[in-house]
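Here is the structure we will look at.
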Amino acid sequence: MAQVYDRVALIGLGLIASSLFWAIKRGGLAGEVTGYARSDETRATAREIGLCDRVCDSVAEAVAGADLVVLCVPVGVMGAVAAEIAPHLAPGATVTDVGSVKADVIAQVGPHLPDGVHFIPGHPLAGTEHSGPRSGFAELFDNRWCLLVPVEGTDADAIARLRALWEGAGANVEEMDAEHHDLVLAVTSHAPHLIAYTMVGVADDLRRVTDSEVIKYSAAGFRDFTRIAASDPTMWRDVFLTNKDATLEILGRFTEELFALQRAIRTGDGDHLHAYFTRTRAIRRGIIEAGQDTDAPDFGRGARKP
Ligand SMILES: NC(=O)c1ccc[n+]([C@@H]2O[C@H](COP(=O)([O-])OP(=O)(O)OC[C@H]3O[C@@H](n4cnc5c(N)ncnc54)[C@H](O)[C@@H]3O)[C@@H](O)[C@H]2O)c1
Ligand SMILES: O=C(O)C(=O)C[C@]1(C(=O)O)C=C[C@@H](O)C=C1
């Protein structure tokens, strides 16, 4: 695969940065990748495992001469990190991020960047419940979406180059506006995480989650909740505080539906429950039939109908 950038700088060396590094190496997408992390410990780990061609002890050193800078830190500190890198950016460089929320990040980062630097916010829709420099792997973005959220008037060549990087890293790229992104992600990612956190919290309150028998016999649904609820607390605190409006909107609707289902259970309204579950099952089957769940077994595509 062809090289897209001469020098890429990764700021914050956790799951997403380390996965991007390994994907860039796999695809030969950059001449050199520099990396910066706040803590001595993370930098030492990065050096030990060969994460980045050059691990730098300052942001200034990491971004100097970079034609692409990728902010891979929690969304709550994007603005502070942008202020730190701004004086050291090369003219004509592109700055992007991988944050899970877009409108708030754009408001935080945009004002710090000097004229002549292209700012193209991004969000790869891929992750795991693990974090830190050892958690990354080159295949994370394979066949996943990466959404780019360019602000109006952004240089088309700069967007095309960033798109080529993500495609080289295995992702399918689409553009979206920030408000729409935040609403979609509130439905597909943020509210589901909050629900998983709550469900595991409720089980723990009942003192049953620590009971080894419950862990042993827990059904797949609850196990999936515990995986999601193991996700990084800093990252998710920041997601909810920065995507407040969209998340609250979706949670409001969720609560209304939950109350309606509660009432149906209390009053024995089986028709309501059956109709609701039939509707949701059709949605799942639609996703599978459209080939949009790459992790799913071949249900619904002829081989094995559920
Ligand atoms: N984990 C996911 O599933 C996932 C998926 C897509 C996007 N994202 C987004 O990617 C970004 C990074 O997430 P991650 O999963 O790689 O997290 P991570 O916890 O694995 O890594 C974050 C890194 O940022 C560093 N950091 C924190 N505050 C910093 C600061 N002020 N200055 C410099 N470095 C700082 C941390 O030390 C850590 O090394 C977040 O914005 C998150 O919303 C995460
Ligand atoms: O698979 C997981 O562990 C994830 O939660 C990844 C996930 C998601 O919700 O799909 C989490 C946050 C992101 O911003 C993007 C992806």
Side-chain angles (χ1 to χ4, degrees), residues 9-23 35-46 49 51-52 55-60 62-63 69-85 96-102 104-106 108-109 121-137 139-141 144-149 166 169 171 181-182 184-197 223-243 246-247 250 292-295:
L10 303 174
I11 310 297
L13 298 177
L15 169 72
I16 300 298
S18 55
S19 297
L20 186 55
F21 172 74
W22 298 119
Y36 170 77
R38 242 181 347 169
S39 78
D40 295 344
E41 194 191 336
T42 304
R43 294 198 299 272
T45 302
I49 64 175
L51 170 59
C52 294
V55 177
C56 304
D57 291 323
S58 71
V59 274
V63 306
V69 179
V70 190
L71 307 181
C72 304
V73 297
V75 287
V77 295
M78 290 283 184
V81 171
E84 259 186 273
I85 64 164
T96 187
D97 76 296
V98 295
S100 305
V101 176
K102 295 277 59 94
D104 191 90
V105 167
I106 292 170
Q108 285 184 57
V109 172
H123 181 199
L125 304 188
T128 73
E129 71 279 25
H130 302 296
S131 51
R134 292 184 193 276
S135 58
F137 52 100
E139 299 76 23
L140 179 66
F141 309 112
R144 298 302 178 124
W145 291 109
C146 180
L147 301 177
L148 296 184
V149 181
W166 280 111
H181 167 280
D182 289 353
V184 169
L185 268 290
V187 179
T188 59
S189 176
H190 305 169
H193 272 77
L194 201 73
I195 293 161
Y197 280 123
R223 269 207 308 275
D224 287 350
F225 275 144
T226 62
R227 184 188 77 76
I228 294 287
S231 301
D232 187 71
T234 304
M235 169 185 158
W236 284 99
R237 175 203 61 196
D238 286 6
V239 165
F240 293 117
L241 295 182
T242 56
N243 198 20
T247 311
I250 299 308
Q292 284 170 349
D293 186 344
T294 50
D295 293 336

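Quantities reported herein were computed from a predicted structural model and do not represent experimental measurements. Counting starts at 1 for both ligands and their atoms, in listed order.
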Separation between [atom1] of [X] and [atom2] of [Y], rounded to the nearest 0.5 Å:
X: His193; Y: Thr247; atom1: NE2; atom2: OG1; result: 12.0 Å
X: Leu194; Y: Ser189; atom1: CG; atom2: OG; result: 11.0 Å
X: Ile11; Y: Cys72; atom1: CD1; atom2: SG; result: 8.0 Å
X: Asp182; Y: Asp104; atom1: CG; atom2: CG; result: 8.5 Å
X: Leu13; Y: Arg134; atom1: CG; atom2: CZ; result: 12.5 Å
X: Leu51; Y: Thr45; atom1: CG; atom2: OG1; result: 9.0 Å

Contact atoms of ligand 1, heavy-atom distance to [X] under 4.0 Å:
X: Met235; result: 1 (N), 2 (C), 4 (C), 42 (C), 43 (O), 44 (C)
X: Ser131; result: 18 (P), 19 (O), 20 (O)
X: Gly99; result: 41 (O)
X: Val75; result: 41 (O)

Backbone or side-chain N or O of [X] under 3.5 Å from ligand 1 N or O:
X: Val77; answer: no
X: Ile16; answer: yes
X: Leu15; answer: yes

Counting non-hydrogen protein atoms only, what is the nearest one to [atom]? Give residue, atom name and distance.
atom: atom 21 (O) of ligand 1; answer: Gly14 CA, 3.2 Å
atom: atom 39 (O) of ligand 1; answer: Leu13 N, 3.6 Å
atom: atom 3 (O) of ligand 1; answer: Gly127 CA, 3.2 Å
atom: atom 33 (C) of ligand 1; answer: Arg38 CG, 3.6 Å
atom: atom 15 (C) of ligand 2; answer: His123 NE2, 3.7 Å
atom: atom 11 (C) of ligand 1; answer: Val73 O, 3.5 Å
atom: atom 16 (C) of ligand 2; answer: Ala126 N, 3.8 Å
atom: atom 8 (C) of ligand 2; answer: Ser189 OG, 3.5 Å
atom: atom 3 (O) of ligand 2; answer: Arg227 NH1, 3.0 Å

Do [X] and [Y] touch side chain to side chain, with heavy atoms closer than 4.5 Å?
X: Met235; Y: Ser100; result: yes
X: Leu185; Y: Val239; result: no
X: Met78; Y: Val73; result: yes
X: Tyr36; Y: Ile85; result: no
X: Leu10; Y: Cys52; result: yes

Exercise for the section: Give me the ring orientation class for Trp236 and His190: parallel if the planes are under 30° apart, tilted from 30 to 60°, perpendicular past 60°. Expected result: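 Rings of Trp236 and His190: perpendicular, over 60°.
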Exercise for the section: Under 4.0 Å, heavy atoms only, figure out whether ligand 2 is touched by the backbone of His130, its side chain, both or neither. Expected result: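 Near ligand 2, His130 shows nothing, with every heavy atom at 4.0 Å or more.
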Practice task
Could you tell me whether ligand 2 has any atom less than 4.0 Å away from a heavy atom of His190?
Solution key: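 Judged by the 4.0 Å heavy-atom criterion, His190 does not count as contacting ligand 2.
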Practice task
May I ask whether Trp236 places a heavy atom under 4.0 Å from ligand 2?
Solution key: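 Right, Trp236 reaches ligand 2.
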State if [X] counts as touching ligand 1 under the rule of any non-hydrogen atom under 4.0 Å.
X: Cys72; answer: yes
X: Pro124; answer: yes
X: Thr234; answer: no
X: Pro74; answer: yes
X: His123; answer: yes

Practice task
May I ask you to check whether Gly127 has an N/O atom sitting below 3.5 Å from an N/O atom of ligand 2?
Solution key: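 Yes, at least one N or O pair falls under 3.5 Å.
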Handout entry: ligand 2 to Ser231 polar contact by distance, N or O atoms, under 3.5 Å
Key =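 No.
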Where ligand 2 meets [X] - atom numbers and elements under 4.0 angstrom, heavy-atom basis:
X: Ser100; value: 13 (C), 14 (O)
X: Met235; value: 12 (C)
X: His193; value: 5 (O), 9 (O), 11 (C)
X: Glu129; value: 3 (O)

Problem - Val81, portion touching ligand 1 at heavy-atom distance under 4.0 Å - result: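 It is the side chain that touches ligand 1; the backbone stays farther off.
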Practice task
With heavy atoms under 4.0 Å as the rule, classify the contact between Thr128 and ligand 1 as side chain, backbone, both or neither.
Solution key: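 It is the backbone that gets close, since no side chain atom is under 4.0 Å.
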Exercise for the section: Determine which pairs satisfy side-chain hydrogen bond (donor to acceptor under 3.5 Å, both in side chains) with at least one residue from residues 10-23, sequence neighbours left out, and list them in order. Expected result: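 Sorted pair list comes back empty.
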Expected output: side-chain [X] to main-chain [Y] donor-acceptor under 3.5 Å:
X: Tyr197; Y: Ser231; result: yes
X: Gln108; Y: Val75; result: yes
X: Asp97; Y: Val70; result: no
X: Arg43; Y: Ala37; result: yes

Handout entry: side chain to side chain contact (heavy atoms under 4.5 Å, CB included) assessment of Phe141 paired with Ile16
Key = CA-CA 9 Å; Phe141 309 112; Ile16 300 298; 4.2 Å; yes
Handout entry: Verdict with reasoning, Leu148 to Trp166, per side chain to side chain contact (heavy atoms under 4.5 Å, CB included)
Key = CA-CA 10 Å; Leu148 296 184; Trp166 280 111; 4.2 Å; yes
Handout entry: Winner among Thr45, Leu10, Val98 once heavy atoms are compared against atom 10 (O) of ligand 1
Key =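 The nearest heavy atom belongs to Val98.
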Handout entry: Nearest candidate to atom 5 (C) of ligand 1, where distance is taken over non-hydrogen atoms, out of Ala126, Ser100, Gly76, Ser135
Key =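 Result: the heavy atom closest to atom 5 (C) of ligand 1 is in Ala126.
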